[in-house]
Amino acid sequence: MTDSLRWTKSSYSDNGGQCIEWAPEHAAATGEFKIRDSKDPHGPILALTREAFAGLVEFARHHG
């Protein structure tokens, strides 16, 4: 399933190589937020709930 996902780089990824990508279409369709390291697209993928993803975004905003 992960090969068919469309990945989008986070707008917070322009911080010296600390890049993540997420699959927004999958999140909209399923409520599951998949996140991966953009430097390792075949590596592990985190699957977060909507609440956990919102917490991650909030953390990134405050701790960049």
Side-chain angles (χ1 to χ4, degrees):
M1 170 80 177
T2 59
D3 290 335
S4 64
L5 295 176
R6 296 178 85 171
W7 295 95
T8 300
K9 189 175 284 191
S10 168
S11 62
Y12 290 94
S13 290
D14 190 23
N15 61 358
Q18 303 296 322
C19 303
I20 65 165
E21 295 176 318
W22 71 299
E25 292 171 1
H26 177 81
T30 68
E32 178 185 53
F33 289 71
K34 293 193 176 219
I35 301 168
R36 70 180 182 184
D37 182 344
S38 64
K39 296 178 303 304
D40 187 11
H42 300 293
I45 296 171
L46 294 175
L48 303 175
T49 63
R50 180 176 308 278
E51 294 80 14
F53 184 75
L56 177 64
V57 170
E58 190 65 23
F59 180 86
R61 282 186 182 139
H62 288 98
H63 302 283

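Note: hydrogens, waters and symmetry copies are ignored here, and every other heavy atom, side chains too, is used. In this text, all values refer to a predicted model and were calculated from it rather than measured experimentally.
In this structure, CD on E21 lies 10.0 Å from NZ on K39, to the nearest 0.5 angstrom. Atom-to-atom distance recorded for E25:CD and K34:NZ is 14.0 Å, nearest 0.5 angstrom.
Listed by chain and residue number, H26 satisfy the side-chain hydrogen bond (donor to acceptor under 3.5 Å, both in side chains) test with E32 (two or more places apart in sequence, or in another chain). P41 is linked by a side chain to side chain contact (heavy atoms under 4.5 Å, CB included) to R36, counting only residues two or more places apart in sequence or in another chain.
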From CA spacing to verdict: side-chain contact (heavy atoms from CB on, under 4.5 Å), L46, I20: CA-CA 11 Å; L46 294 175; I20 65 165; over 6 Å; no
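Proximity of W7 to I45: side-chain heavy atoms (C-beta onward) are separated by under 4.5 Å at one or more points.
When all heavy atoms of D37 and C19 are compared, the pair lying nearest together is OD1-O, 3.4 Å.
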Please list, one pair per line, the donor and acceptor atoms closer than 3.5 Å that link side chains of residues 47-55 to other protein atoms, with sequence neighbours excluded.
{"from": "T49", "atom 1": "OG1", "to": "A52", "atom 2": "N", "distance (Å)": "3.1"}

